[in-house]
Amino acid sequence: MRITDDLLAKAEEFRQAQAEYFELPASDSERLSVARRQWQRAACDFAAMVLELLDDEALTKQGTAS
């Protein structure tokens, strides 16, 4: 799988969202809720990009195997 600048940027977005979530005080439930949604969104975006790259690679391998 090729690691692209876009993939690295998505990984960094995920890391930042995760860090922001875990740095918030447990007593701030509203901010925790928003941060958790941002973290989940970043995780889904990153996973989707990884799956897309894997699909592309599988298609490429299929094309070369034919």
Side-chain angles (χ1 to χ4, degrees):
M1 180 173 77
R2 65 187 183 281
I3 297 178
T4 65
D5 289 341
D6 290 340
L7 182 62
L8 292 174
K10 284 291 179 194
E12 185 57 31
E13 287 175 22
F14 170 73
R15 281 189 208 107
Q16 287 176 357
Q18 183 181 33
E20 288 172 16
Y21 174 75
F22 283 107
E23 289 173 1
L24 289 172
S27 60
D28 195 344
S29 61
E30 187 173 324
R31 285 180 58 204
L32 276 172
S33 178
V34 170
R36 182 175 49 250
R37 283 193 304 272
Q38 290 172 337
W39 176 29
Q40 290 169 334
R41 185 177 308 116
C44 288
D45 289 347
F46 177 68
M49 184 172 274
V50 168
L51 290 173
E52 184 178 316
L53 288 171
L54 290 172
D55 286 345
D56 290 349
E57 187 168 307
L59 289 173
T60 300
K61 285 183 181 181
Q62 272 184 342
T64 59
S66 299

Exercise. Could you tell me which non-hydrogen atom of P25 sits nearest to which non-hydrogen atom of L32, and how far apart they are?
Key: O-CD1, 3.5 Å

Quiz prompt | Reported CG-to-CG distance for the pair L51 and D56, which is rounded to 0.5 angstrom | solution = 11.0 Å

Quiz item: If you group Ile, Leu, Val, Met, Phe, Trp and Tyr by side-chain heavy-atom gaps below 4.5 Å, do I3 and L54 land in one group?
Solution: yes

Self-check item: CZ-CD distance between F14 and Q38, expressed to the nearest 0.5 angstrom
Solution: 13.5 Å

Quiz item: Considering the options E30, R31, R37, which one meets the side chain to side chain donor-acceptor pair (under 3.5 Å) requirement together with S33?
Solution: R37

Quiz item: How far does CD of E13 sit from NZ of K10, to the nearest 0.5 angstrom?
Solution: 4.5 Å

Practice problem: Considering non-hydrogen atoms only, spot the tightest contact between W39 and A17 and give its length. | Solution: CA-CB, 3.6 Å

Quiz item: How many angstroms lie between atom CG of L53 and atom OG1 of T60, to the nearest 0.5 angstrom?
Solution: 10.5 Å

Quiz item: Is any side-chain heavy atom of E52 closer than 4.5 Å to a side-chain heavy atom of D55?
Solution: no

Quiz item: Got a second to check how far M49's CE is from L8's CG, nearest 0.5 Å?
Solution: 10.0 Å

